[in-house]
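I have placed the structure first, in the form of structure tokens, so that the comments after it can refer back to it.
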Amino acid sequence: MMLKKNFVANLHWRGMIHNIVPGTEAYLNQGGTMGYIGFDPSASSLHLGNLVTIMLLRHLQEAGHTPIALLGGATGMIGDPSGRTQERLFLTEEVLRYNEACIGKQLEKFLDFSNGKNRARLLNNLDWFKKESLLGFLREVGKHISIGYMMAKDSVKQRINTGISYTEFAYQLLQGYDFYHLYLHEGVSLQMGGSDQWGNLTTGVELIRKKIQSQAFALTVPLLTRADGTKFGKTASGDNIWLDPEKTSPYQFYQFLLNCSDHEAEKLIKIFHGCRQEEVESLILAHQSRPEKRMVQQILAEIVTTMVHSAAACKKAIWCTGMLFDGAVSTDQLFALSEEDLLMICTTIPKINITSHTFMEVDTILSLLSVATGGAILSSKSEAKRIITSRGVMINKVLILDPFEKPNLMLLHNRYLLVQKGKKSHYLIVVQ
RNA sequence: GGGGAGAUGCCAGAGCGGCCAAUUGGGGCGGACUGUAAAUCCGUUGCUUUAUAGCUUCGAAGGUUCGAAUCCUUCUCUCCCCA
């Protein structure tokens, strides 16, 4: 139990510390401090990558400290250059406010905002930045940080030759000022974030030191990358895995985690599993002795899907996984499925409606899967031809060999076609 | 403000009047193998009624030419150096 109280030690075994300001552990062990993480409202939903930093706040709260989630209502208007190779496009204020509302709502799910002396809080830096004037800011903040200091930051250095506007260059001052403001007015002494945030975090620490000669603390969590170096939390095609079920269905979410590599899954289970160190470690050992069972992946997918969505949604995702991937499910069994079960699948995989008229008119399988379905399955006839001829398409679990074959297909329950593209992509065509 | 360099397909990056739908690498996609893995291997990667074919692409708009990604003009944007 003592271990759980030591927030930093807890993060250490979980592999959640990338960089840390010296003295942070000792300071936090005095107990009862406040820590915050900023969330950028650049989208209307948080994604799986954000969930890692949310776990920092969760672990912080469990260790008895007070977590603060800060919405970047002001900083979102500027755009953080960290980890970016290109200048960002501005979002309109309307979109930002909407995104903030959505993200704020999501955050409530993961932290305890209810009561207790260390209940979580949600703030928005627009609340103090809207009162700030340009002249005031330059005198209060800009004066304390030198250009040399700002230029030395990775986020700036990496962009200096490819182009960075003054606006984005100044970003770190805004985030630094947040920390200063929270330190001064709310007593927040710790800022956390992903490892790409280190530069922004230390600007805050520096500002607090310069302005009021006080020590503030910061730590970063490694930004997870996949074996190929790309950011974790994106599908292979570059789409984010969102926490919003409208953007990424619980099934897709579950599938993403289930498909993690062994190495990746071991790192993730340490981050997301609420259990104590010994339990998690023995789980990993068991997995390593029988990796083909994918035990860690399954548990990981289950606990995270349950946490983000719900136990019911997770159960559904597991059931559909069995239906769609289990090699034992034959065409006959597919036809034996009740319509209710089919509809259950329908809610988890992309569903494409076409009219019965269109369906009757279509003269080849190739057109059915490309133009008739609006390119949702195969984006063009050329692509459809390529993939079908390379044996990449099954309809109702039957391999399609000839792209120009006339569609002479049995509909499931007179309405549905289950299409499988490649190994992992499934679609349900609904003829209405 | 002055001078220089550059903008090519998802990305990096060749091409510098016809043989270029555009070398190559990465990524993506499909297949084999497998654990719905990793590694490896094979195929593919603008579009088109199935194509030793056609059509639309090389920052934007014009122009020269039988013919342009390649030459000229203007514009937009970026980088570098000097002030």
Side-chain angles (χ1 to χ4, degrees), chain A residues 81 84-89 156-166 168-169 225-231 234-239 251-269 284 286-302 305 317-329 345 348-349 361-372 375-395 397 399-407 418-427:
Chain A
R84 285 283 180 142
T85 53
Q86 285 190 333
E87 191 83 6
R88 289 176 186 244
L89 294 174
V156 175
K157 260 198 288 191
Q158 289 183 355
R159 283 274 299 281
I160 211 83
N161 285 326
T162 54
I164 183 168
S165 65
Y166 177 73
E168 286 198 10
F169 173 67
T225 50
R226 329 185 84 194
D228 60 14
T230 57
K231 258 191 191 177
K234 292 190 186 245
T235 61
S237 48
D239 303 321
Y251 166 79
Q252 290 173 304
F253 189 89
Y254 178 88
Q255 279 287 321
F256 178 83
L257 291 165
L258 189 66
N259 276 302
C260 285
S261 70
D262 295 349
H263 182 63
E264 203 170 46
E266 285 169 17
K267 284 201 290 192
L268 293 171
I269 197 94
I284 290 174
H287 170 255
Q288 284 168 344
S289 68
R290 296 292 301 279
E292 73 281 4
K293 292 264 181 210
R294 295 186 299 153
M295 215 154 46
V296 167
Q297 280 92 333
Q298 280 170 27
I299 293 173
L300 173 73
E302 192 173 335
T305 307
I318 293 172
W319 180 83
C320 289
T321 293
M323 288 315 303
L324 295 171
F325 284 95
D326 194 342
V329 178
I345 295 178
T348 58
I349 61 175
E361 291 274 291
V362 118
D363 55 346
T364 57
I365 295 218
L366 176 140
S367 337
L368 173 68
L369 298 181
S370 53
V371 290
I377 301 177
L378 294 160
S379 65
S380 70
K381 291 189 184 181
S382 303
E383 196 196 355
K385 192 182 156 197
R386 268 199 298 278
I387 292 180
I388 295 171
T389 15
S390 56
R391 309 166 69 85
V393 173
M394 289 208 276
I395 296 181
K397 303 256 178 193
L399 187 64
I400 304 300
L401 296 167
D402 178 11
F404 300 103
E405 188 182 317
K406 278 207 182 297
L418 182 66
V419 180
Q420 180 173 349
K421 185 190 83 168
K423 276 184 183 131
K424 296 177 187 171
S425 309
H426 302 269
Y427 306 86

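Throughout, protein chains are lettered first and strands after them, A, B, ... in sequence-line order, and every chain is numbered starting at 1.
Between A:Glu292 and A:Val371, the residue anchored closer to the 5' end of RNA chain B is A:Glu292, taking for each the nucleotide with the nearest heavy atom. Between A:Ser425 and A:Leu258, the residue anchored closer to the 5' end of RNA chain B is A:Ser425, taking for each the nucleotide with the nearest heavy atom.
Remark: the separation of the P atoms in B:C58 and B:A7 is 14 Å, to the nearest Å. For the C1' atoms, the distance linking B:G54 with B:A21 amounts to 12 Å, nearest Å. B:U8 and B:C20: their C1' atoms are spaced 12 Å apart (whole Å). When the P atom is used for both B:A68 and B:G18, the distance is 11 Å, rounded to whole Å. One P atom belongs to B:U48, the other to B:C80, and the distance between them is 42 Å to the nearest Å. When the C1' atom is used for both B:A69 and B:G15, the distance is 8 Å, rounded to whole Å. Taking atom P in both B:A5 and B:A12, the straight-line distance is 22 Å, to the nearest Å. Straight-line distance between the P atoms of B:U73 and B:G3: roughly 15 Å, to the nearest whole Å.
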*Can you check side-chain contact (heavy atoms from CB on, under 4.5 Å) on A:Lys424 and A:Gln255, steps first, answer last?*
CA-CA 9 Å; A:Lys424 296 177 187 171; A:Gln255 279 287 321; 5.7 Å; no
*So A:Arg294 and A:Glu292, salt bridge (charged side-chain N to carboxylate O under 4.0 Å, His left out) or not? Walk me through it.*
CA-CA 5 Å; A:Arg294 295 186 299 153; A:Glu292 73 281 4; over 6 Å; no
*Test A:Leu369 against A:Ile387 for side-chain contact (heavy atoms from CB on, under 4.5 Å), laying out the working first.*
CA-CA 11 Å; A:Leu369 298 181; A:Ile387 292 180; over 6 Å; no
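In this structure, the nucleotide among B:G30, B:G35, B:A32 sitting nearest to the side chain of A:Gln297 is B:G35. The side chain of A:Ser380 lies closest to B:C47, out of B:C47, B:U36, B:A37. In the set B:G35, B:G30, B:G31, the nucleotide with an atom closest to the side chain of A:Lys423 is B:G31. Ranking B:U36, B:C29, B:G35 by closeness to the A:Lys424 side chain, first place goes to B:U36. Closest to the A:Pro291 side chain, of the nucleotides B:A32, B:G35, B:U36, is B:G35.
Across all strands, A:Lys293 comes closer than 4.0 Å to no nucleic acid atom at all (heavy-atom distances). Backbone-only engagement by A:Arg386 is indicated by non-hydrogen atom pairs under 4.0 Å involving sugar-phosphate atoms exclusively. A:Thr321 comes within contact range of at least one nucleobase, with a heavy-atom separation under 4.0 Å.
Take A:Glu361 and apply the side-chain hydrogen bond (donor to acceptor under 3.5 Å, both in side chains) test, not counting sequence neighbours, and it matches no residue. Partners of A:Tyr254 by ring pair (Phe, Tyr, Trp, His ring centres under 6.0 Å), not counting sequence neighbours: none found.
Taking every heavy atom of both residues into account, A:Gln298 and A:Leu258 meet most closely at CG-CD1, 3.6 Å. Nearest heavy-atom pair, A:Lys423 versus A:Phe325, reported as atom, atom and distance to 0.1 Å: O-CE2, 3.4 Å. Between A:Lys397 and A:Leu324 the shortest heavy-atom distance is NZ-O, 3.3 Å. What you find for A:Tyr251 and A:Thr321 is that their closest heavy atoms are CE1-OG1, 3.8 Å. Among all heavy-atom pairs drawn from A:Leu300 and A:Cys260, the shortest one is CD2-SG, 4.4 Å.
When the P atom of B:A37 is taken as reference, atom CD of A:Gln298 falls 14 Å away, rounded to whole Å. Nucleotide B:G35 holds its C1' atom 11 Å from the CZ atom of A:Arg290, rounded to whole Å. If you take NE2 of A:His287 and P of B:A38, they are 13 Å apart, rounded to a whole angstrom. Spacing between atom CZ of A:Phe325 and atom P of B:U36 amounts to 9 Å, rounded to whole angstrom units. Distance CD1 (A:Ile349) to C1' (B:U36): 15 Å, rounded to an integer number of Å. With rounding to whole Å, A:Tyr251 atom OH is found 13 Å from B:U36 atom P.
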*According to the Watson-Crick and G-U wobble definition with distances under 3.5 Å, which dot-bracket string, read 5' to 3', encodes RNA chain B, using [ ] for crossing pairs and | for pairs with another strand?*
((((((((.[[[..)..(.....]]]((((((.......))))))(((....)))...[[[[[..)....]]]]]))))))).
Check: residues 378-386 of chain A side-chain donor-acceptor pairs under 3.5 Å, at least two apart:
residue: A:Ser379; atom: OG; partner: A:Glu383; partner atom: OE1; Å: 2.6
residue: A:Ser380; atom: OG; partner: A:Ser382; partner atom: N; Å: 3.4
residue: A:Ser380; atom: OG; partner: A:Glu383; partner atom: N; Å: 3.1
residue: A:Glu383; atom: OE1; partner: A:Ser379; partner atom: N; Å: 2.9

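Contact check, A:Ser261 against B:A38: no side-chain N or O comes under 4.0 Å of OP1 or OP2.
Within the 4.5 Å cutoff, the side chain of A:Glu264 has no heavy atoms near those of the A:Gln297 side chain. Between A:Ile349 and A:Leu418, some side-chain heavy-atom pair lies under the 4.5 Å cut-off.
In terms of modelled atom types and a separation under 3.5 Å, the side chain of A:Thr305 and the main chain of A:Glu302 share no donor-acceptor contact.
Between the side chain of A:Glu383 and the base of B:U45, no donor-acceptor pair under 3.5 Å is found.
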What does the list of N/O pairs under 3.5 Å between the protein and nucleotides 49-52 of chain B look like, with a distance for each?
residue: B:U49; atom: OP1; partner: A:Lys381; partner atom: NZ; Å: 2.9

Polar atom pairs between nucleotides 81-83 of chain B and protein, under 3.5 Å, N or O only, would you list them?
none

